[in-house]
Amino acid sequence: MSESKQLASPERRDFLEQATVAVGAAGVAAACWPFISSMNPGTDVLEQGTAEANLAAIQPGESLTVSWAGKPIFIRHRTPQQVAAMQLTQGGIDPQDDRARTHQPQWLVVVGLCTHLGCIPSQNNEGWLCPCHGSVYDNSGRVMRGPAPTNLLVPPYKFVASDKIVIGEA
Amino acid sequence: MLSRVIGWIDQRFPLTSFVKRELTDYPTPRNLSYWWNFGFLAGFVLVLQIATGIFLAMHYKADVNLAFDSVQHIMRDIKYGWLLRYLHSTGASAFFVVIYIHMARTLYYGSYRAPRELLWWTGQLLMLLIMASAFMGYLLPWGQMSYWGAEVITNLFGATPLIGDRVVLWLRGDFAVGDATLTRFYALHYLFPFLIVAMVVIHMVALHTVKSSNPSGINLAAKDNIPFHPYYTSKDFFGLGIYLIIFCVFVFFLPHLFIEPNNYIPANPLVTPLHIEPEWYFLPFYAILRAIPDMLGGVVAMALSVVIFAVLPFADRSSIPGGAHYRPVFRVMFYVFIVDVLVLGYVGSQAPIGFLVPLGQIATFIYFATFILLPFVSKAEDRWLRARGLPPELQALFEQRPPREKWLRK
């Protein structure tokens, strides 16, 4: 454009042009936000973010699996012997005190997904064994043998009565 | 670095030369008015409809038992679902506003005339595809108006001689509009936008072959063209800003202007709403359907009223270039036609009683008479204008112009 050479300060025009493009790009980015956000869980899904579990029927030594946020939750009523054994050790690969993993020592609540690749471990007297790649967890849900890197997760939960917990709220 | 990457691409793909030829250096008449913005706007609306539609499809369920609730689920539970839906439903109306203005501009300025016949016809096909998409999309919320609209429109095909009943049955895949109908409409409503995109590409290839028309109607010499970028990119984006302001007013403040309250009642095959009318963009054609007191006749007239625009390049026999700019009689015809379409739209929106029945019939007559009279009027106007003496710029054009055929080929 020949006229641009006659401008007193062509950098002003460049600045305006770049500012316009920047504002336009910001507008496009902002307009993308609702589209991306719509792929998040909807309120109906988020409402499933808490689950109640009744513990009254679980005898010592037994366990119950409940569903919370689409995941299995293991609730284990541990015998005094199991509690005592667990409180003596710090676990294996990912050491952690058993007291830090429970609210009440006889009740163990963990997410029932192997921390390796998400299979559901099967229960035995010593804890759990993952059928997919052979990870072993003890009765505190702590990993004793790999390939799982970390202990079974303890979900946020709280006792709302002596025999009732709400999972999903700390 | 960037220039080396582009150089690498250019050796394998004509990127730079393509952008240069079709965008940055693309020659565009320098006298285009804002009426020439609407093609770009239609492209923008198409992109927005596809984007919102794909994200809505992530949450929508095409099943008679789930469809209505899934739309409410989108409105209430999905983050920004209300926005996506209102953008999409308002966008459908906006699409017709934009393409009707785009068409009216083509009529007024005679942009359909040689050598732009194929450009005009591909545009006609685009309009048909958009109408079909809009109609099928309207069934998806599965409300009362959705249901009865689809029921009535599919019944139109019952006017087919001999096999009408079977055609209707085949279209629906059911004895009435039902689950099979909803599912196929959904499948086709997802397919058609991509056919539209393909047709837009063809429309653009035709446009870039014959180049844009302009308000004077005279093909401008090379010195009167300017590069598309930055002159028309900036003009198009400025127009887009104005468009978005108006569009957002409707999306955020008046979204229910384009959604019938009846459509918040789930579809009920046993109850027809008391007053049933199509979306505003089909009203003129609907009025033509009702103006003919015969089923087959009405359907044929309505179909004809949509496709008859295709005859314009032949029906306009004037030798004066362009449309209304140099042609006062043509200009009058244009305005009569526009007013007539608005009258038809009004008649279509009202219950067919009293004076509205003859009014609709008169307006229908004028609608078709415009097309039938155009060959004779344009020829007579041509003779009259030449006898009266042409303005100097046209006179010069005719004196320089080689014989018609040769001029066209160039």
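Just so you know, these numbers use all the heavy atoms, side chains as well, and skip hydrogens, waters and symmetry mates. Naming: A, B, ... by sequence-line order, numbering from 1 per chain.
Heavy atoms closer than 4.5 Å to chain A are found in both the backbone and the side chain of Thr52(B).
Put simply, the side chain of Asp44(A) reaches to within 4.5 Å of the side chain of His73(B), judged on heavy atoms. Using a 4.5 Å heavy-atom cutoff, the side chains of Phe35(A) and Tyr80(B) are not in contact.
Cys32(A) meets the disulfide (SG to SG under 2.5 Å) test with no other residue; sequence neighbours excluded.
Around NZ of Lys71(A), the count of heavy atoms belonging to other residues, nucleotides or ligands within 6.0 Å does not exceed 12. Other residues, nucleotides and ligands place no more than 12 heavy atoms under 6.0 Å from the CE atom of Met39(A). Residue-environment remark: CZ (Arg76(B)) stays at or below the threshold of 12 foreign heavy atoms within 6.0 Å. Within 6.0 Å of atom CH2 in Trp35(B), 12 or fewer heavy atoms from other residues, nucleotides or ligands are found, so the atom counts as exposed in its surroundings.
No other option in Ile78(B), Leu84(B), Asp77(B) has as many heavy-atom pairs under 4.5 Å with chain A as Asp77(B).
In this structure, Ser38(A) OG and Trp82(B) CH2 are separated by 12.5 Å, a value rounded to the nearest 0.5 Å.
The shortest heavy-atom contact between Pro41(A) and Lys79(B) is O-NZ, 3.2 Å.
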